[in-house]
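Numbers here simply count residues along the sequence, with the first being 1. Keep in mind the model is a prediction, meaning the values are calculated, not measured.
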Amino acid sequence: MTAIEIIWWCLAGPVLTWWVLLALGSAMQARKFANLFLREPRRAFDEFRPPAVIVVPCKGADPQLADNLAAIMRQDYPTPYRVILVAQAEDDPAVPVIRAAIDAAEHDDTAHPAELLISGDAPPNQGQKVWNQVTALKHIGLADRSIDPDTAIVFADSDAVPGNDWLANLVGPLKQRDKTAVTTGYRWLVPPPKDTPDPHPQVTAIASIMNSSVLSFAGTGKFQFAWGGSMAMLAQTAIDGDLLGMFDGALCDDYQVTRMAQKLGKRVYFVHRCIVDSPDAWSWHGLRDFAYRQYMLTRKYFPRLYLLALAMLWAYPVGFVVSMGSSFALVPWLIVTDQPWYSIGIPALGSAAMVMIFDKMRHHQRKIAMARALPEDIYARLGRVRRKDAGPTLHWMTIHAYLATRPMFSNVMTWRGITYRIDGPQRCERIDPPA
């Protein structure tokens, strides 16, 4: 073996190997995720229906806020539950919508009771969303432990659209309290309805693909993380894990709940029947800021996971460059100079061919998962997403890698009009007054 071959295999070999293995793993994971929806519901879970409190922090009037609140108040749940809606101030645009939803529920026999809390401005070292949640937790008696320890505490986002059985499915697995600390669903970003303007449908499709690529890893192996838009725990678990203490100084709720579960030595249980569709029209600016926030929080709360994500995302563009560079630059030069090229050219082109095959397999399984997980009308709106996902993976993976890398160079982020500096999981500081 020549010196050039040795150098190439030492430098390019690991890159191409990682690229191929990642493509294969993604295809296998997509199949595993699609098969989740073939599982029969556990009867024991369906019989566990403790009293519940749903906490919904609100800020701003999201387009579908009224419909989302109505769905949360009208869950098909046999045991009484109540809804706590929390806003920062009376002049928040969400407050009139909340009051109207509460008034409508009072005159509807199918609706469960709800109340509005005004939390006020968060302390300088705490995120406003977490402060809203802490206000609700203290209101229901978690601080003084007056709450029934068997009560299910459920967290939901105001911009997610839950189905009628969302609460029952989310609470049921908490029956396994000896090994399950938290149950969680996840969002599926979908295009808006046809009657809603979408100035940038291509960007919306990329946002949906990026989201579904992360969702495919939900609840498997070590990828057990809670999502703040849909998570539940028993009050006793929140007491044992000192949830209020975990929220002290925190900006992110779901990662802290995940850390609490790890501290208790229990799992975060992914409930595939609690995937909620989140319709929205995305612009490039909005997608950039959204990805920045998500990966900034990941870097600060789980740095190893963040580095793994970067290694996975950059495998595609770097692997492509190495493969094509070797095939169309190095190999022709070797041929012209009458040097051995087979041991470089064949692996370089072969790795690209294998990645293309595995990508097609992944796309097929992801399409099956879409059909099984989402209602027919939502699935129909994902036509552009499916077509784009069937195209070159390199395109959206490069965009995803770029967006995930940006937070590496800053500790500052803006969330819902408030700017924070993050120095650690429980070390955040508001550096801009609330808008």
Side-chain angles (χ1 to χ4, degrees), residues 50 52-57 84 86 122 126-140 142-143 145 147 149 151-158 160 162 166-167 169-174 176-187 214-215 217-220 222-271 274-276 293-306 415 422 424-428:
V53 179
I54 304 178
V55 177
V56 186
I84 309 294
V86 193
Q126 193 161 40
Q128 186 64 49
K129 179 184 178 182
V130 173
W131 177 247
N132 289 1
Q133 293 168 322
V134 168
T135 300
L137 293 174
K138 291 180 178 178
H139 178 73
I140 63 177
L142 187 64
R145 303 190 179 187
I147 186 174
T151 299
I153 301 175
V154 182
F155 296 94
D157 278 353
S158 61
W166 163 78
L167 178 59
N169 290 332
L170 192 62
V171 170
L174 293 176
Q176 295 182 332
R177 64 181 73 200
D178 57 327
K179 59 180 180 180
T180 299
V182 181
T183 58
T184 185
Y186 203 74
R187 72 167 77 84
V214 175
L215 175 59
F217 287 92
T220 59
K222 295 184 179 180
F223 290 89
Q224 296 180 353
F225 291 87
W227 173 56
S230 183
M231 61 185 181
M233 68 191 74
L234 294 178
Q236 187 62 58
T237 300
I239 294 171
D240 294 341
D242 187 22
L243 180 62
L244 290 175
M246 296 293 291
F247 278 176
D248 184 32
L251 177 62
C252 182
D253 57 326
D254 41 20
Y255 276 156
Q256 282 300 88
V257 168
T258 301
R259 290 162 60 89
M260 181 196 74
Q262 293 177 348
K263 184 177 71 171
L264 292 172
K266 298 182 180 181
R267 66 182 179 181
V268 175
Y269 186 89
F270 174 66
V271 186
C274 287
I275 292 176
V276 295
R293 290 193 300 270
Q294 299 303 311
Y295 282 105
M296 169 67 80
L297 294 173
T298 303
R299 182 169 78 89
K300 290 300 181 180
Y301 284 81
F302 287 94
R304 291 183 180 178
L305 177 64
Y306 176 72
W415 192 2
I422 315 171
Q426 292 180 268
R427 294 174 57 197
C428 80

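Taking the side chain as every heavy atom from C-beta outward, Thr180 and Val182 never approach each other to under 4.5 Å. Val257 is listed as a side-chain neighbour of Met233, based on a closest heavy-atom distance under 4.5 Å. A heavy-atom distance below 4.5 Å is found between the side chains of Val53 and Ile84. The shortest side-chain heavy-atom distance between Leu167 and Pro162 does not fall under the 4.5 Å cut-off. Side-chain contact between Lys300 and Tyr306: absent, with no pair of heavy atoms (C-beta onward) separated by less than 4.5 Å. Put simply, the side chain of Gln176 reaches to within 4.5 Å of the side chain of Asp178, judged on heavy atoms. Taking the side chain as every heavy atom from C-beta outward, Pro425 and Gln256 approach each other to under 4.5 Å. Looking at heavy atoms from C-beta onward, Leu170 lies in side-chain contact with Ser230 at the 4.5 angstrom threshold.
Inspection of the Gln236 and Arg177 side chains reveals no N or O donor paired with an N or O acceptor under 3.5 Å. With 3.5 Å as the limit, one finds a donor-acceptor pair spanning the side chains of Tyr255 and Thr298.
The structure places NZ of Lys129 at 5.0 Å from CH2 of Trp415, a figure rounded to the nearest 0.5 Å. Between atom OG1 of residue Thr237 and atom CG of residue Asp242 there is a gap of 13.0 Å, rounded to the nearest 0.5 Å. One distance of note links CG of Asp157 with CE of Met231; it measures 8.5 Å at 0.5 Å rounding. Going from atom CG of Asp248 over to atom CD of Gln426 covers 6.5 Å, rounded to the nearest 0.5 Å. Separating the CG atom in Leu305 from the OH atom in Tyr295 is a distance of 9.0 Å, to the nearest 0.5 Å. The CG atom of Leu137 lies 11.0 Å from the NE2 atom of His139; values are rounded to the nearest 0.5 Å.
Just one of Trp227, Phe225, Phe270, Phe217 meets the ring pair (Phe, Tyr, Trp, His ring centres under 6.0 Å) condition when paired with Tyr186; it is Trp227.
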- Item | Met296 and Ile422: CA distance, side-chain angles, deciding distance, side chain to side chain contact (heavy atoms under 4.5 Å, CB included) verdict | CA-CA 9 Å; Met296 169 67 80; Ile422 315 171; 3.8 Å; yes
- Check the pair Asn132 / Val56 against side chain to side chain contact (heavy atoms under 4.5 Å, CB included), numbers first and verdict last. CA-CA 9 Å; Asn132 289 1; Val56 186; over 6 Å; no
- How far apart are the C-alpha atoms of Leu142 and Leu244, what are their side-chain angles, what is the distance that settles it, and do they pass the side chain to side chain contact (heavy atoms under 4.5 Å, CB included) test? CA-CA 8 Å; Leu142 187 64; Leu244 290 175; 4.1 Å; yes
- Given Gln224 and Arg267, is the side chain to side chain contact (heavy atoms under 4.5 Å, CB included) satisfied, shown in steps? CA-CA 7 Å; Gln224 296 180 353; Arg267 66 182 179 181; 3.6 Å; yes
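For Lys263, the NZ atom sits in a packed shell: over 12 heavy atoms of surrounding residues, nucleotides or ligands are nearer than 6.0 Å.
The backbone N or O of Trp131 sits less than 3.5 Å from a side-chain atom of Thr135, completing a donor-acceptor pair. A donor-acceptor contact shorter than 3.5 Å links the side chain of Tyr301 to the backbone of Cys252. For Thr183 (side chain) and Tyr269 (main-chain N/O), no donor-acceptor pair under 3.5 Å exists by modelled atom type. Judged by distance alone, with hydrogens and angles left aside, the side-chain atoms of Asp254 form a donor-acceptor pair with the main-chain N or O of Gly228 at under 3.5 Å. With Gln133 contributing its side chain and Pro57 its backbone, the two residues share no donor-acceptor pair below 3.5 Å.
Heavy-atom minimum distance, Ala52 versus Thr151: CA-CG2, 4.2 Å. Across all non-hydrogen atoms, the minimal contact from Leu174 to Ala181 is CD2-O, 4.1 Å. Residues Lys138 and Ala143 approach most closely at CG-CB, 4.1 Å, considering heavy atoms. Phe247 and Gln126 get closest at one heavy-atom pair: O-NE2, 2.6 Å. Heavy-atom minimum distance, Asp253 versus Val130: N-CG2, 3.9 Å. Val268 and Ala261 get closest at one heavy-atom pair: CG2-CB, 3.9 Å.
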